[in-house]
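Read the structure below first, then the notes.
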Amino acid sequence: MDFILQGLIEAIKLLAAGGGETYSAIFTTLKVSTISIIASLILGIPLGFLLGYAEFPGRRFCRTLADTLLALPTVVVGLLVYAFISRRGPFGDLGLLFTLPGIAIGQTILALPIVISLTASAIEGLDQRLRLTLLTLGASGRQLALTSLREGLFAVLIASVTAYGRIISEVGVSMMLGGNIKWYTRTITTAMALETNKGEFAMGLALGIVLLIIAFTVNAILSILKMRAGI
Amino acid sequence: MDFILQGLIEAIKLLAAGGGETYSAIFTTLKVSTISIIASLILGIPLGFLLGYAEFPGRRFCRTLADTLLALPTVVVGLLVYAFISRRGPFGDLGLLFTLPGIAIGQTILALPIVISLTASAIEGLDQRLRLTLLTLGASGRQLALTSLREGLFAVLIASVTAYGRIISEVGVSMMLGGNIKWYTRTITTAMALETNKGEFAMGLALGIVLLIIAFTVNAILSILKMRAGI
Amino acid sequence: MSELIYELSKLVHRYGEHVVLEIEQLSIRKGRIIGVAGPNGSGKSTLLKILAFLQAPSEGMVYFEGQRVTFSDPPPRREATLLLQDPYLLKRSVFENVAYGLKLRRDKNDLTRRVGQALTWVGLDPKSFTHRSWNELSGGEAQRVALASRLILKPKVLLLDEPLASVDAASAELIMQASFRARRDWGATLVIVSHDLIWMHEVADEVLSLFNGSLAGTGARNLIMGPWQISESGLWRKELEDGQQIIAQSPSGDQSVAVLDPSDVSISPKSLEPASQRNAVKGAISQMIFEKNQGKVLVNVTADSISLYARMTEDAIKALSLHPGQTVWVSFDFDAFQWL
Amino acid sequence: MSELIYELSKLVHRYGEHVVLEIEQLSIRKGRIIGVAGPNGSGKSTLLKILAFLQAPSEGMVYFEGQRVTFSDPPPRREATLLLQDPYLLKRSVFENVAYGLKLRRDKNDLTRRVGQALTWVGLDPKSFTHRSWNELSGGEAQRVALASRLILKPKVLLLDEPLASVDAASAELIMQASFRARRDWGATLVIVSHDLIWMHEVADEVLSLFNGSLAGTGARNLIMGPWQISESGLWRKELEDGQQIIAQSPSGDQSVAVLDPSDVSISPKSLEPASQRNAVKGAISQMIFEKNQGKVLVNVTADSISLYARMTEDAIKALSLHPGQTVWVSFDFDAFQWL
Amino acid sequence: SAGEPVLRMATTTSTDNTGLLDYLAPLFQKDTGIKLQWVAVGTGKALALGRNCDVSILFVHAPAAEKKFVKEGYGITRRKVMYNDFVIIGPKNDPARLKGLSIPTALKAVTGKNAVFVSRGDDSGTHKKELSLWKAASLQLPDKKKWYIQTGQGMLTTIKVAEERSGYTLVDRGTYIKYESQNQGNPRLVILVEGDKSLMNQYSIIAINPESCDKAAYNRTLGFIGWITAPKAQKHIADFRLLGKQLFIPNAEQ
Ligand SMILES: Nc1ncnc2c1ncn2[C@@H]1O[C@H](COP(=O)(O)OP(=O)(O)OP(=O)(O)O)[C@@H](O)[C@H]1O
Ligand SMILES: Nc1ncnc2c1ncn2[C@@H]1O[C@H](COP(=O)(O)OP(=O)(O)OP(=O)(O)O)[C@@H](O)[C@H]1O
Ligand SMILES: [Mg+2]
Ligand SMILES: [Mg+2]
């Protein structure tokens, strides 16, 4: 029990200290998660839109597949990507294993089903009249997509927030593909896992709190932006 | 690379074998994840509904908080719950540590923000006229909630699917609170982590595939039910 | 005289800073059918939402059956049911939509029969409609399903916001019948908003006019839109496209809308010249409508782009032997206008 | 004779198994204003959606400006714009809503002025409306914003589905003006669906009637709803509540709707008795409407719960000196009915 | 299985990953009727679980930390069970030429050549041993050096990193044999330095002090300690093999 309080104190100390291992992990986390969320949104939103709007055979199956992949465990992602980017893998020569881009690839794959599934249901949930109205006003396919996304912005935002939460909180992929290498690929979560395994529960919790503070900051900024935009 | 193919073969073997360690882990996973998803839906849907519909001071802050908690790492949940149910913790006497109910508590906490946030935005996304229509037809508060959820069923379903994906794929909580005890609290994901740690990548992947087959089955059933219901 | 069901007093409603409703006093007696007319944005829907207890007014008091309605306590919402201007159907079958309110009240006796009856009231054949899904309906059919789901509740008060929008002529007739039936069978009080003045004068005991949020007498009104130009003489002038003109005293702005009481308008089958204080406009009779409640006739004259109503007695019409299609001269005073 | 803009041939549209539209042949000439009337569910909106290329017909051909429209290739959607029956505004300001279509076309010259102009056409003051949000509008205001966002596009074809629903009288007039302006200024062709027959006869060059998905001549129609009862003589009978009755030959079912051409109905100011093959119903004239395009007068007689139109010449009216409010006898043959 | 007496143990990953406990637990249950359940975690976490009374017995290999644990009163009756040894492994081509060197010279050679060295960096028994080796060689810990990679992960994962980076690492023999077996006896990393006395890896068993944890199943704990240190179980340990190689050498003091 007492390590909870200790963890809080420790968290403040960590943040107050400035520099050092914690800040290295914070920056690594921010760097990787930013790349991953951007990549997964760029890939996922158009796919989600297609899945939500377009009519094509097998659409229902694709939807079920995307929903299934919400259950993709980090370990599986880690293993699969590892198979491709390890020295013995087809992309071994790129030297991506145990690097930040390596982690980003894994995290992007992890977050993609979330972005796709939630975007698709956001689009499916839109008022039927929207599509007709846009076509009637002369929207082309791309314009239809952009405006629909903008009208469903609120729901697309929550998809992004959910995906970001998944990315920033995951351990398995960072551990396997990043290697938790100190000063280099150690993220807050891998550091946390390490401290916990060492029995340094207070320290583990402190890092967790630091992570949540970061997440809160990101979400608070988003919330203010949303309020400004009147959503 | 080769372990991917190996993993596929291994997965088929595991499932074909019947009984044994794998089936024990499958049943454990199904048992725990079912409890967790039901608990998180029972707790999360009403809270999400309140957050999406009710007007109260601090609502925006609560929303941001819920969004933040989407980034709750499994390790933090594990540590916090551990603090309470460890022998030295306030609920130590219940002997929940290293048991399935122990894991379920952690997973429920992990999934709650997903259920709450996605339900809240599903409710916020509902047509404004729905609320007025229901009031006009004489719906009481509870009836208003139930019908709104039913009208937003599609979005609430995707919340559940996302939460289920998170629950069934997580490792950290099961590891920390369940202890990965063979025949007892070992789930597919903790077994997977163990195999991977042991360097048995093919076996790890095989378990991952088994997990995804389970998730696919669940989602396919859901998809058929949705189709029947005409959603 | 029957008792009052509603009493509104010193009612003000604002959206933001903008006052959209300001009613000093309004009483509605039990069992009456009240029509509410008025241009777009005059506050009709806002008034109905307040009467349905869906919206608390910014200021003022609402009494329902003599009781002050506090909008913080759950108000007596089940007593009054509103058909929204833009009706919404639940994503279910027609049957479920119509039966929904009864199910909420755990009143499940004889549902099939009652749903069928309610559908028949609005002119929908139960056989072909009960099992349709909400999205397999045309606009007018959906509108009528929404109405049926209110009628079936047999509420004390029925508030209908534009029940005729996108409904066909036969249904307009049926909705009128349904309104009468509601009053006759279960003593309902009705408040109906519509832009179809003819229909409304047939169905309603009394038609309230709302202008800019205020009650402005009863009955139909002529509206003449701007732009108005100031003329040399200091009077304001609206030019019609055929060169005729309408002259008015002091509008509140060059885009003001002039309101003219049809009772202030006369019609002559013989040529009239504009006089010093009186407009004369040449046009053709496009419609003549009998106002049942007043026993008078509204004559609608179209002059170029403008359409004006004059209210006349049957005798005057007979005397002048007016008929639709006839060319006539309409006259009214420069100062007969109210301004919006 | 100007060229054709639309040609429809052997058109069939189904929802599931249910045929809702079946048009053997329909041509629309450039620059015409075509009205479409018909009861709810007769297929009007479906027809407009096909003309707007939003929906491919189940069968048949659509030609636009002489070209066969293939709905699989992107059809010429920018040439024809449809105002939906249940209009939808984007969750943006009024300005953004009205400017949206122009922005899609990357046509951003002078936007403020053009948006202001389009708003003025529909009777909304740009100053007070441009900056409002989509959800700060009354029903009729929203309807008119939706219309403005179509007018601003100056499309070759304007398809308006119930533009008058929930719009006030002044706006109805303005919408008529806007329709004429669209034809005059940029040669637009218009197809307008409305239940307001009077308005439609004023605005349209020609009014098509749809019944059960088929074109059924032009002009207004009387509808007499069931139930019909079989009488001893083998004829069918509808009883009015005041004891009068209407007799018909062979309806297709006891709930059938009878359609009666107003030209087949006569009116007499003197008492008439039902004859062997002819109905006579006593009622009162409630309206008289001048049909500009036909130069005839529609006389609307209300008999108990039924309302019937008779089409008469001006001279006949003058001769009988009919006027609203007057008690009259309406007569028509037993076999004058068509059945729905 | 609800009625079965259960003994809960926290242990390090090596005893679990090698399969030793899977092999011993059924034998123990057959002899005593007690069901052994174990949680395989890092040494530090194992000690923390012991401190919090979540397990009744520890089976770990970090002598210094263990002594401290007992001294603080959390543990009681610490008994040696078995040992194996640590070895330094590296790529077959041995770029820093470590083969056959003594431990201190080998570490100096690594430092001198900036050769990649992969460290567990997780406070595990192995990590603690490695730290003590740097100290014994009078070398400063090369934290933050580019060639010194601290994984903070388990042994096999750390070996994978070393393999990927063609680096050296310190490993316990049991895990190395497991690694060898996974690579069909033809691993990329081979043993280069071994046999030094300082490389001994002692596993001990500690009972949780029933005075500090009233819920600890002290009787069963004593039962297990008695069983595993007895000659019969000691022989089982000696018999436990992988690829035909013995992984642990029992050394319980009778
Ligand atoms: N949510 C809102 N926020 C701000 N202003 C609003 C809002 N809703 C309505 N208004 C404004 O309030 C006024 C009254 O609106 P209301 O809907 O009551 O008019 P109405 O008489 O029903 O008009 P219509 O005939 O067009 O339905 C209008 O000027 C409208 O622009
Ligand atoms: N999506 C749909 N699925 C099945 N049936 C439909 C669907 N949409 C419309 N219908 C049916 O098709 C027929 C024609 O509909 P349509 O909307 O064209 O009628 P309408 O003439 O526009 O009627 P209204 O005056 O009520 O708007 C109706 O009987 C309606 O019930
Ligand atoms: Mg309104
Ligand atoms: Mg329609």
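Labels below follow one simple rule: chain letters A, B, ... track the order of the sequence lines, proteins then strands, and each chain is numbered from 1.
- The greatest number of non-hydrogen atom pairs below 4.5 Å with chain C, out of D:R144, D:K44, D:E136, is found for D:R144.
- Interface remark: D:V299 contributes no atoms to any contact with chain C (heavy atom separation under 4.5 Å).
- Proximity to chain C (any heavy atom under 4.5 Å) is restricted, for D:I317, to the side chain, taken from C-beta onward.
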Practice item. Would you please test D:T302 and C:E202 for side-chain contact (heavy atoms from CB on, under 4.5 Å) and show each step? Key: CA-CA 10 Å; D:T302 308; C:E202 269 186 76; 4.2 Å; yes

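- In this structure the side chain of C:M312 never reaches within 4.5 angstrom of the side chain of D:H323, judged on heavy atoms.
- Looking at D:S194, there are no atoms closer than 4.5 Å to chain C (heavy atoms on both sides), in backbone or side chain.
- The CG atom of D:N300 sits 10.0 Å away from atom CD1 of C:I289, with the distance rounded to the nearest 0.5 Å.
- Side-chain contact between D:S166 and C:Q85 is present, with heavy atoms from C-beta onward closer than 4.5 Å.
- Note that OH of C:Y88 is 12.0 Å distant from CG of D:D86, once rounded to the nearest 0.5 Å.
- Listed options C:G38, C:S138, C:P324, C:A165 were ranked by heavy-atom pairs under 4.5 angstrom with chain D; first place goes to C:P324.
- For the options C:M176, C:Q143, C:K318, heavy-atom pairs under 4.5 Å to chain D are most numerous at C:K318.
- Heavy atoms of C:L124 lying under 4.5 Å from chain D are absent altogether.
- When all heavy atoms of D:E173 and C:S307 are compared, the closest pair comes out as OE1-CB, 3.9 Å.
- One finds the CG atom of D:N40 at 10.5 Å from the CG atom of C:L137 (value rounded to the nearest 0.5 Å).
- Residues C:I285 and D:M288 have side chains not in contact (no heavy-atom distance under 4.5 Å, counting atoms from C-beta outward).
- A pairwise comparison of heavy atoms in C:Q326 and D:E314 identifies N-OE1, 3.9 Å as the closest pair.
- In this structure, the portion of D:L322 lying under 4.5 Å from any heavy atom of chain C is its backbone and not its side chain.
- A distance of 8.0 Å separates CG of C:D168 from OG of D:S42, quoted to the nearest 0.5 Å.
- Taken from OG in D:S286 to CH2 in C:W199, the straight-line distance is 14.5 Å, to the nearest 0.5 Å.
- Proximity to chain C is limited to the side chain of D:S171, based on heavy atoms less than 4.5 angstrom apart.
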